[in-house]
**Student:** 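First the structure, which I've put down as C-alpha cells, then a few questions once you've had a look.
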Amino acid sequence: MIIMHVAIFGTKPYDRQFLTAANAAHSHDLTFFEPRLDSATATLADGFPAVCAFVNDRLDADVLARLARGGTKLVALRCAGFNNVDLRTAERLDIAVARVPAYSPHAVSEFTIALLLALDRHIPRAWARVRDNNFALDGLIGRNLHGRTAGVIGTGRIGALVARTLRLGFGCRVLAADVVEDPELVAIGVAYRSPAEVIGAAEILTLHCPLTPETHHIVDAEAIARAKPGLILVNTSRGALIDTAALIDGLKSGRIGGVALDVYEQEADLFFEDLSNEIVQDDVFQRLLTFPNVLITGHQAFLTEEALQAIAATTLENVSDFAAGRVLRNAVGTAMLRA
Ligand code: NAD
C-alpha cells in the first residue's frame, strides 16, 4: 500500500472524526487544516501530493497553479459538486481531480422533503411560538402536499428520490425536467417537460441539477414572472441556480409564496463558520432572513452519519487509487462540463 500525504482543508471536527476512522483501511498520512483553501492558504499544501477540499474551497486557476508549484498532483473533493474547480486549468497543470459522486442521495433528498414540510407547515414558527407559551394558530395555516403539482429540475440521484417521494409518498402530481429522462420515474407517473414548462406549472419547485453555465440562475426574474403565484421554492443543490436579487423581488411582491434554502449564492463567505459574535456584511442574505416565509439552513443536507462515512470512505479510496496508479474511478474532467 502506498502512503499519500494528504492536506485536508476546511476541516471541522466531524471531518476529522470520519476521515480518521475511514483511514484505518488505508493508512494515509492525513494533515487537517482548519482554514478553507484559497489563494491565501494554498501554501499550506506545499509538499503534499494530495489535497482534499470541500464545496466552498476555492480551486480557481491561481490556487491550482500554487498547488502545482507545491507538488500537488491530486485534488480529492469530499463532495459531489465540482463547480468550484477550474477543471481546464487542472488538466493543463496535470492535476487529477476526483470527487465523491454519490455518498448518500437519501441524506439530501430526505432533507429536501424536511425543508419543504417545515416551510409549508410553518414548523419553525410554530416551534418558536410554543417555546414562548404562545399557542395561537393564526398565521400557521399550511397546505396539503397531496394533490399539488411539484416540479423537480434535475432527476439524477437526488432529484429522482425526491420525485419518487413526492409522487408515491405524498401523492403529488410531479413534473420533471432533465436532459435525460428516467424511465423508472416515467413508470410511476412523473411527466417530463422543459425546464420553462416545469417552472411555469409548478406549485412547488425543487432544484437538483448541478451548477453549470447552463443552469446558472435557472430561476431568474423571468422565470419567477412566469411561475404560478405563491410558488414554494426549495433549493438544496447550489446557491447560484437562483438569482437571489430576483428572488427577493419575488418575495416582496408576494409572487413567491415561500423559500427554503440549504444553499446560497454567496454562501462561501458565511456557511460552515460560527459568526454569531460578528456583524454579517452580506445585506442580501440579511434581507432574506427578514421574510417570515424564508427558511435557510447552512448547507447541511448532506450531514448524516451514513453520508459522512461514505464521503470519508470514497475520498480515501480515490486517494488510494491515485497512489497505486489505478484508474481513478471517480475522476472529474472537462468532458463532464460538456455532458
Ligand atoms: P446527479 O449528477 O446524479 O444528478 C444531476 C442531474 O441533473 C442529472 O440527471 C443531470 O442530467 C441533470 N441536469 C444536468 N444539467 C441539467 C439541466 N440543464 N437541466 C436539467 N437537468 C440537468 O447529481 P446528484 O447527486 O443528484 O446531486 C445534485 C446536486 O445536488 C449536485 O450537483 C450538488 O450540487 C447538490 N448537492 C447538494 C448537497 C447539499 O448538502 N446541499 C449535497 C450533495 C449534492
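Note that the numbering runs from 1 along the sequence shown for the chain. Being a predicted model, the structure only gives us computed values, none of them experimental.
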**Student:** Apply salt bridge (Lys or Arg N to Asp or Glu O under 4.0 Å) to Arg148 and Asp120, showing your working.
**Tutor:** CA-CA 12 Å; Arg148 277 159 92 195; Asp120 215 22; 2.5 Å; yes
**Student:** Verify the ring-centre separation between Phe302 and Phe54: is it less than 6.0 angstrom?
**Tutor:** yes
**Student:** Show your working on salt bridge (Lys or Arg N to Asp or Glu O under 4.0 Å) between Glu273 and Lys12 and close with a plain yes or no.
**Tutor:** CA-CA 10 Å; Glu273 304 304 327; Lys12 303 293 177 198; 3.2 Å; yes
**Student:** Applying side-chain hydrogen bond (donor to acceptor under 3.5 Å, both in side chains), can you list everything that pairs with Glu317, at least two apart in sequence or on another chain?
**Tutor:** none
**Student:** So, the side chain of Arg226 versus the backbone of Ile199: is there a donor-acceptor pair under 3.5 Å, distance only?
**Tutor:** no
**Student:** For His122, enumerate each residue passing the side-chain hydrogen bond (donor to acceptor under 3.5 Å, both in side chains) test, keeping only those at least two apart in sequence or located in another chain.
**Tutor:** none
**Student:** Spell out, as yes or no, whether a donor-acceptor pair under 3.5 Å connects the side chain of Asp38 to the backbone of Ala40.
**Tutor:** yes
**Student:** Give a yes or no on whether the backbone of Asp262 and the side-chain of Thr236 come within a donor-acceptor separation of less than 3.5 Å.
**Tutor:** no
**Student:** For the atom pair CG (Leu316) and CG (Leu19), what is the distance rounded to the nearest 0.5 Å?
**Tutor:** 5.5 Å
**Student:** Keeping Asn318 on the side-chain end and Val100 on the backbone end, is there a donor-acceptor pair under 3.5 Å?
**Tutor:** no
**Student:** For the pair Val85 and Val332, evaluate side chain to side chain contact (heavy atoms under 4.5 Å, CB included) and give the outcome as yes or no after the intermediate values.
**Tutor:** CA-CA 10 Å; Val85 185; Val332 183; over 6 Å; no
**Student:** Taking Cys209 as the fixed residue, which of Leu241, Asp178, Ile158 is the one that meets the side chain to side chain contact (heavy atoms under 4.5 Å, CB included) rule?
**Tutor:** Leu241
**Student:** Does the salt bridge (Lys or Arg N to Asp or Glu O under 4.0 Å) test come out yes or no for Asp46 and Arg69, once each step is laid out?
**Tutor:** CA-CA 8 Å; Asp46 280 358; Arg69 282 203 298 280; over 6 Å; no
**Student:** Step by step, would you call Glu265 with Leu211 a side chain to side chain contact (heavy atoms under 4.5 Å, CB included)?
**Tutor:** CA-CA 11 Å; Glu265 258 189 305; Leu211 176 61; over 6 Å; no
**Student:** Show, in sequence, the C-alpha distance, side-chain angles and deciding distance for Leu44 and Phe9, and conclude whether the side chain to side chain contact (heavy atoms under 4.5 Å, CB included) test is met.
**Tutor:** CA-CA 9 Å; Leu44 289 170; Phe9 281 86; 4.0 Å; yes
**Student:** When clusters are formed by joining ILVMFWY residues with side-chain heavy atoms under 4.5 Å apart, either directly or through shared neighbours, do Leu161 and Val198 land in the same one?
**Tutor:** no
**Student:** Tell me every residue that passes side-chain hydrogen bond (donor to acceptor under 3.5 Å, both in side chains) with Asn84, counting only those two or more places apart in sequence or in another chain.
**Tutor:** none
**Student:** Going through the checks in order, is the salt bridge (Lys or Arg N to Asp or Glu O under 4.0 Å) test met by Asp321 and Arg326?
**Tutor:** CA-CA 5 Å; Asp321 281 349; Arg326 289 191 290 268; 2.9 Å; yes
**Student:** When you measure from the side chain of Arg36 to the backbone N and O of Ala268, does any donor-acceptor pair fall under 3.5 Å?
**Tutor:** yes
